[in-house]
Amino acid sequence: MITTRFAPSPTGYLHIGGLRTSLFSWLWARKNEGQFLLRIEDTDLARNSEEAVEAILKAFDWVGMSYDGEAIFQSKRFNLYKKYIEQLLEEGKAYKCYMTKDELTALREEQMAKGERTRYDGRYRDFTGTPPEGVEPVIRIKAPQEGMISFNDGVKGEINIAATEVDDFVIARAGGVPTYNFVVAIDDAQMGLTDVIRGDDHLYNTPKQIVVYEALGFKIPNFYHVAMINNEKGKKLSKRDGATDVMEYKTLGYLPEALLNFLVRLGWSHGDQEIFSVEEMIELFDPKDINKSSSNYNLDKLLWLNAHYIKNKPHDELAELLVDFGVDIRENDKRDLILNATKERGKTLVELASQINLILNAPTEYNAKNFKKAFKEDTPEILNTFMKLLKEADLNEVADYHKVMEAVVEQKEIGFGKIGMPLRVSLLGSMTGSGLDEIMAILGVDETIKRINKAIEFINV
RNA sequence: GGCCCCUUCGUCUAGCGGUUAGGAUCCAUGGUUUUCAUCCAUGUUACAGGAGUUCGAGUCUCCUAGGGGUCACCA
């Protein structure tokens, strides 16, 4: 049985990097028919908010990731942590430290000045005297003072860190509130985690947590530290690099399946495969295939994937999604015609919506340059002929509209461009866009003629 | 600064001692298309540098450089 987890601290929205590590954890649990748990790390801090919890859950919901059981809130488990603190104190594995913050700062400055690593010097480790007055102590854990703390990381391999690098760190603050590395170890153990997949910014927390595991006699899980995602320049991803909030991708018109596909391939691969459905991800994912090196964030591929998923999305789902982007064609009897004519031209739902609007809404103005390029002296004459033939034609499908265009070309002995360009400008006000026959089939004869007449009128003004 | 991790086309990556170093994206060109897009084809571009080990190194070892992470009574 594999149990994984995602353990965000609710200080803001769900970050793209957080989504990737949770995706990995989720996939691994689902693949093994195990458990994927959610734990909210809200051990106080004025920074935590309920809105942030909501935001994270909302993002999970959007991408379709679900966790098992109830979400666990650390803030509700203080009694548990307290119990273990007392246990360690009793067993002599932890101790009270009466060093003040000022003293600690002074010690650090001294060490810094000497060019040493800043660390607690263990002065209260074996203290038995009378504690100084007026100082509320913190609790520190006794970390090993020599040897190595080693673990086998599922991504990075064997990691060895000298015990001297890990000092007797604080497990409970002066107010009694436990600290991060302490509660994480307890929760991961108590929740039965077998595999901890997280960002490699936690790599250095691992030896500390191992100290806790060992002090409490807990079984140490497998760790997988996934390298960070950097921006295109290889620097740390920040808000200035564009969207980092998962929900922003929804607003930008990305499909969740595209985003997941994009993220799963960032730092993980399965041979040459690029397109993965969620089912395939679950089937093929294995943390042993996670890359050691960090990867750079580049939207090109996401855009390509998004276009791919839009092209392959069922029309009823697409129509539903488009509502949020100001286009409601759910009840439109030309729905399929509209989507077929436009979906290959929109890399995002935003672009797709604007393509559709371009057809659905008659042009209110014509670009002068386009107009001049498309409309020549004989254009009105050609368009009039076209309209005449159009009215007479038997129009049942897209191809029939094309036949009318062909007829004009033949009759007038002109090139296709002679009719195509002015027609396009008349109908869309644009020089590019969907196929003319498709557009006309969507608009119908009346609207088509109306738009052409309007354009002809415009040339005479 | 100490410690730890990382380094293959611009980007995402395959490779697990013997390959013309592969795929994808991007870009360019050509084809298809009335246009644009799609689609198809073709092309440019990479083993950070230096020593070793080996018959043979992108793959193993060491050094250098560069990048990242971390050093809290934050999480």
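As a basis for the values below, the full set of heavy atoms in this structure was taken, side chains included, without hydrogen atoms, waters or symmetry mates.
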If only side-chain N and O atoms of Lys311(A) are considered, is one of them under 4.0 Å from the OP1 or OP2 phosphate oxygen of rC39(B)?
yes

Under a plain distance cut-off of 3.5 Å, with no hydrogens placed, do Arg198(A) and His225(A) share a side-chain donor-acceptor pair?
yes

Answer yes or no for Arg140(A) and Tyr124(A): cation-pi contact, defined as NZ/CZ to six-membered ring centre under 6.0 Å and angle to ring axis within 45°.
no

Rounded to whole Å, NZ of Lys373(A) lies from C1' of rU34(B) at a distance of 13 Å

Do Trp304(A) and Glu274(A) have side chains that approach each other closer than 4.5 Å (heavy atoms only, starting at C-beta)?
yes

Is the phosphate of rC73(B) approached by Lys101(A) (side-chain N or O, under 4.0 Å from OP1 or OP2)?
no

Donor-acceptor pair under 3.5 Å, Gln273(A) side chain vs rG23(B) base
no

With a cut-off of less than 4.0 Å, is there a side-chain N or O of Ser295(A) near OP1 or OP2 of rU13(B)?
yes

So, does His402(A) get its side chain near the phosphate of rU34(B), meaning an N or O under 4.0 Å from OP1 or OP2?
yes

Aromatic centroids of Tyr84(A) and Phe182(A) separated by under 6.0 Å:
no

Under 4.0 Å between any heavy atoms, over every strand shown, what does Leu305(A) touch: base, sugar-phosphate, or nothing? Just pick one.
nothing

Nearest to the side chain of Arg345(A), which nucleotide is it out of rG67(B), rA14(B), rA37(B)?
rA37(B)

Could you tell me how far apart Lys347(A) (NZ) and rC36(B) (C1') are, to the nearest whole angstrom?
12 Å

Does the side chain of Asn296(A) get closer than 4.0 angstrom to OP1 or OP2 of rC12(B) through an N or O atom?
yes

